[in-house]
Amino acid sequence: TTTTAPLFKRSRTVLKDILDGDAKTFIGKSVTVCGWMQTIRTQGQSMAFVELNDGSCCGSLQVILDKEYAGEGVLDAAFEKGGTGVSCKITGEIVKSPKSGQAVELKAKTCIILGAVDAKAYPMPKKALTLEYMRTKQTWRIRTKTMRAVQTIRNMCAWATHSFFQGHGMKYVHTPILTGADCEGAGEMFSVTTMLKDGANIKDIPTVKDSDGKIDFSKDFFGKSVSLTVSGQLNVETYACAFSDVYTFGPTFRAEHSNTSRHLAEFWMIEPEICFATLEDDMALAEDYVKYVVDMVISKCGGEVDLLTDYYQRDYNIRKKQGKVGKNEQPPSPHRKNLEALLGKPYKRLSYTEAIEILEKEIKEYRAIVITPEEQKKMKAKDLKKKTKGKHLFSYPVFWGVDLASEHEKYLTDKIFNGPVILYNYPKDIKAFYMKMNEDNKTVQAMDMLVPGIGELIGGSAREDDLNKLLKRCEETKMEVEPLQWYLDLRKFGSVPHAGFGLGFERLVMLTTGMQNIKDVIPFPRSYGVCDY
C-alpha cells in the first residue's frame, strides 16, 4: 500500500502560474495575488496602474486600481500608501489586456497594504542603480530586477547540477566543512579554534613547551589543528570507492589576501568523482555537465537571460555617454547568443604543451607582447601605447612550466579558438600531489576547462591510484603524510582508476549570467576585509 502526502496549496495565486503559462485561461477568473509594488502610476484621482512582482518569475503583472470599479473607499489605502517596495495583497478579476506585450492584467476589487514604505528612506529607489551601488546594499539588492534574474539563474544552475548527476546515477555526498587536511597543499586556509574567545588574553593561549611560542593545538577543541576546508574532494573519494560515482556540492573556504572581481573567501564547489574512469572520461563528463546546465538556463530562464541582455546594453550605453567605455571595449553581444555558442560544437582539446607553443608563437610573431606590471610602471603612457599598438598586451610571461594566468587562458578562448578549450597534461610542479603521473615523469593527467570571458571554469584530473607513486608525490610536494593516512589507505585496499574535477559554482553562475564580478553572483559575498551581515 502506498500513501500520498497531501500537496501543499497556497492561499494565493503565484504570478508565475499566470504569466509563464497560458495566461488567457485565467481571463474571467477571480484570483488573489500578493507581492511588492515595483511601480505605481496614477491617472487622475480615481485610477492607478501597479506593476506587481512576487519573485516567482521574471515578469510583473499589471494591476488596475479603479476606485469606481472597486467601490467607494475600498482602494483609498492603496492610493495613499502605494509606492515602490510596498507589499500588498490584491484580489480581483483577470481581464484581457489592451496593451501590447502583455496578455492579461488584473482589475482589483480589494488591495490590502501589508507593509508600507517610507519612500524617502527606502534604500532601493526606482532608478538605474549601478552594480557598485547594489554591492553596498547586500540585503536589499535582491529587490532589483537584475539581481532577481541573477539569483534565479543561480537557483537553476543548482537544480540542474543535481538533476544532471542524479540522472547519471551518482550519489550526493555531504562532505565535512571542518578538516584536518589541506587538499591542495596551498596553505591558504582558515584556522578553527576555541582558544580565541571574546576576552581571551594571549597569555592564556597554551604553547608547546620549549617551542618559542608555538601554539599547542592539542589543548584545542579537536585536540589538533583544524581548518575550514578548501575542497571536499579527498573525503568524497572515500565514498567513490564504494558507490563508484559520487559528487559533492557545498561551501568551501580560502584565506587568500585578494579582493579582486574574481576572488571570494567563501564559495561553493561542485566535485564529482567517478571510478573505473580515465582522464578522457573526466573531460567528457565535465563538458556534458556544463552544456547540460547552460541548456537548462536557456530553456528554463529565458526571461532572465533576455533581461540581463537588456541590462548589459543599457549599462554600456550609459557608460559610453559618460565617457567611461574603454577604447577597445566592444558593445555587449546578446547574452542568449553567448550561451547558445557554448552548446553548438565539441570543446577544443589540446595539451598544455600545445597551448604554450601557440602563445609563444603569438608573441614571436608580434600579435602579442609581454610587458610586466613593473616594466609598465617605468614606461611613459605614450611609449606604452606605441609599443603595444596592434598587439595584445600580456602582463605575465609565457614559458613551459608556468601556471597560466587568466589573461593567457582568455586569449586562448576569446582570440584563438573563439570558444571553450580543455587543456590537459600539465607540468607536475604546478599541480596537486594526488594527480596521476604520466610516463614522461614531467606531466600529470590534469585538465582545465577554459571558457570565454571567465578563463578557468573547471580543474580536474585522473587520481594517482598507486600507493608508492602517491607517497613519492607527497614527498616531492612536501605534504605531511600522517594527516592524510586515511586517504593513502584507499590505495591499499581495492584501489581503482578514478578521476574527478572541481568547479567553482560562482564562476558557473558568472558564465550563465554574464556577470563580470564574482561578488554579484553570490547572495552575501565574503572576501578579504569583507564579512558583513
Side-chain angles (χ1 to χ4, degrees), residues 20 57-58 146-168 170 172 247-249 262 267-272 274 281-313 332-349 406 409-410 412-414 416-423 447-460 500-518 520-522:
D20 286 2
C57 63
C58 182
T146 303
M147 282 298 117
R148 282 202 302 273
V150 169
Q151 292 303 321
T152 297
I153 291 176
R154 181 186 174 102
N155 172 73
M156 181 51 62
C157 288
W159 186 92
T161 293
H162 289 295
S163 175
F164 176 82
F165 291 124
Q166 292 290 329
H168 283 79
M170 300 173 72
Y172 177 34
Y247 70 101
T248 183
F249 182 4
R262 290 167 47 86
F267 51 98
W268 286 65
M269 285 289 288
I270 296 162
E271 296 169 292
I274 48 177
D281 296 320
D282 201 34
M283 291 190 286
L285 180 70
E287 181 173 341
D288 288 351
Y289 164 69
V290 170
K291 287 182 174 179
Y292 181 87
V293 173
V294 170
D295 185 56
M296 290 297 291
V297 168
I298 293 173
S299 61
K300 301 291 186 180
C301 301
E304 285 77 10
V305 169
D306 293 338
L307 185 149
L308 290 173
T309 292
D310 293 341
Y311 174 82
Y312 298 137
Q313 185 61 57
S333 59
H335 185 48
R336 181 185 291 271
K337 182 180 178 182
N338 296 340
L339 293 180
E340 289 172 345
L342 298 171
L343 304 176
K345 57 185 178 181
Y347 294 174
K348 178 67 178 179
R349 297 185 188 182
S406 177
E409 295 169 342
K410 290 180 181 179
L412 289 169
T413 58
D414 299 7
I416 301 297
F417 296 107
N418 194 30
V421 178
I422 300 179
L423 302 185
M447 69 90 176
D448 284 351
M449 179 187 289
L450 317 178
V451 295
I454 303 291
E456 182 187 340
L457 178 68
I458 287 176
F501 64 77
L503 174 143
F505 186 59
E506 280 69 33
R507 290 195 180 185
L508 178 66
V509 181
M510 288 176 71
L511 176 69
T512 52
T513 60
M515 283 286 161
Q516 298 299 303
N517 193 314
I518 200 167
D520 295 329
V521 300
I522 190 169

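Sequential numbering from 1 along the given sequence is applied to the chain's residues.
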Give, for atom [atom1] of [X] and atom [atom2] of [Y], the distance between the pair rounded to the nearest 0.5 Å.
{"X": "Leu285", "Y": "Met170", "atom1": "CG", "atom2": "CE", "value": "5.5 Å"}
{"X": "Leu503", "Y": "Met269", "atom1": "CG", "atom2": "CE", "value": "7.0 Å"}
{"X": "Cys57", "Y": "Glu304", "atom1": "SG", "atom2": "CD", "value": "8.0 Å"}
{"X": "Ile298", "Y": "Leu343", "atom1": "CD1", "atom2": "CG", "value": "4.5 Å"}
{"X": "Lys337", "Y": "Glu340", "atom1": "NZ", "atom2": "CD", "value": "10.0 Å"}
{"X": "Tyr289", "Y": "Leu457", "atom1": "OH", "atom2": "CG", "value": "8.5 Å"}

Could you tell me if the side chain of [Y] sits less than 4.5 Å from the side chain of [X], heavy atoms only?
{"X": "Thr152", "Y": "Cys58", "value": "no"}
{"X": "Val421", "Y": "Glu409", "value": "no"}
{"X": "Val150", "Y": "Leu308", "value": "yes"}

Determine yes or no for a side-chain-to-main-chain donor-acceptor pair under 3.5 angstrom, with [X] supplying the side chain and [Y] the backbone.
{"X": "Ser163", "Y": "Trp159", "answer": "no"}
{"X": "Tyr172", "Y": "Phe249", "answer": "yes"}
{"X": "Glu456", "Y": "Ser406", "answer": "no"}
{"X": "Arg262", "Y": "Ile454", "answer": "yes"}
{"X": "Tyr312", "Y": "Met515", "answer": "yes"}
{"X": "Arg336", "Y": "Asp306", "answer": "no"}
{"X": "Gln151", "Y": "Ala149", "answer": "no"}
{"X": "His335", "Y": "Asp310", "answer": "no"}

Least distance between heavy atoms, [X] atom then [Y] atom:
{"X": "Gln516", "Y": "Gly453", "answer": "OE1-O, 4.4 Å"}
{"X": "Leu339", "Y": "Leu511", "answer": "CD2-O, 3.6 Å"}
{"X": "Asp414", "Y": "Pro452", "answer": "OD1-CA, 3.1 Å"}
{"X": "Ile153", "Y": "Cys301", "answer": "CG1-CB, 4.0 Å"}
{"X": "Pro420", "Y": "Leu342", "answer": "CG-CD2, 3.6 Å"}
{"X": "Asp282", "Y": "Gly500", "answer": "OD2-O, 2.7 Å"}

- Decide side chain to side chain contact (heavy atoms under 4.5 Å, CB included) for Met147 and Asp520; before the verdict, give the C-alpha distance in whole Å, the side-chain angles of both, and the deciding distance to 0.1 Å. CA-CA 8 Å; Met147 282 298 117; Asp520 295 329; 4.3 Å; yes

- Item | Residues that Tyr311 engages under side-chain hydrogen bond (donor to acceptor under 3.5 Å, both in side chains), provided they are two or more places apart |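 Checked Tyr311 against side-chain hydrogen bond (donor to acceptor under 3.5 Å, both in side chains); zero matches.
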
- Between Phe501 and Phe165, what is the ring plane arrangement, given parallel below 30°, perpendicular above 60°, and tilted in between?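 Taking Phe165 first and then Phe501, their aromatic rings sit tilted (interplane angle of 30° to 60°).
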
- Query: Would you call the rings of Phe164 and Tyr292 parallel, tilted or perpendicular, where under 30° means parallel and over 60° means perpendicular?
  - Reply: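 Ring orientation, 0 to 90° scale: tilted.
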
- For atom NZ of Lys291, decide whether the heavy atoms of other residues, nucleotides or ligands shown that lie under 6.0 angstrom number more than 12.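 Atom NZ in Lys291 is packed in, count exceeds 12.
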
- Task: Decide yes or no on side chain to side chain contact (heavy atoms under 4.5 Å, CB included) for Lys348 and Thr413, but give the supporting numbers first.
- Result: CA-CA 9 Å; Lys348 178 67 178 179; Thr413 58; over 6 Å; no

- Message: Before we go on, tell me: are the rings of Tyr347 and Phe417 under 6.0 Å apart, centre to centre?
- Response: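 Between Phe417 and Tyr347, which both carry aromatic rings, the centre distance is not below 6.0 Å.
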
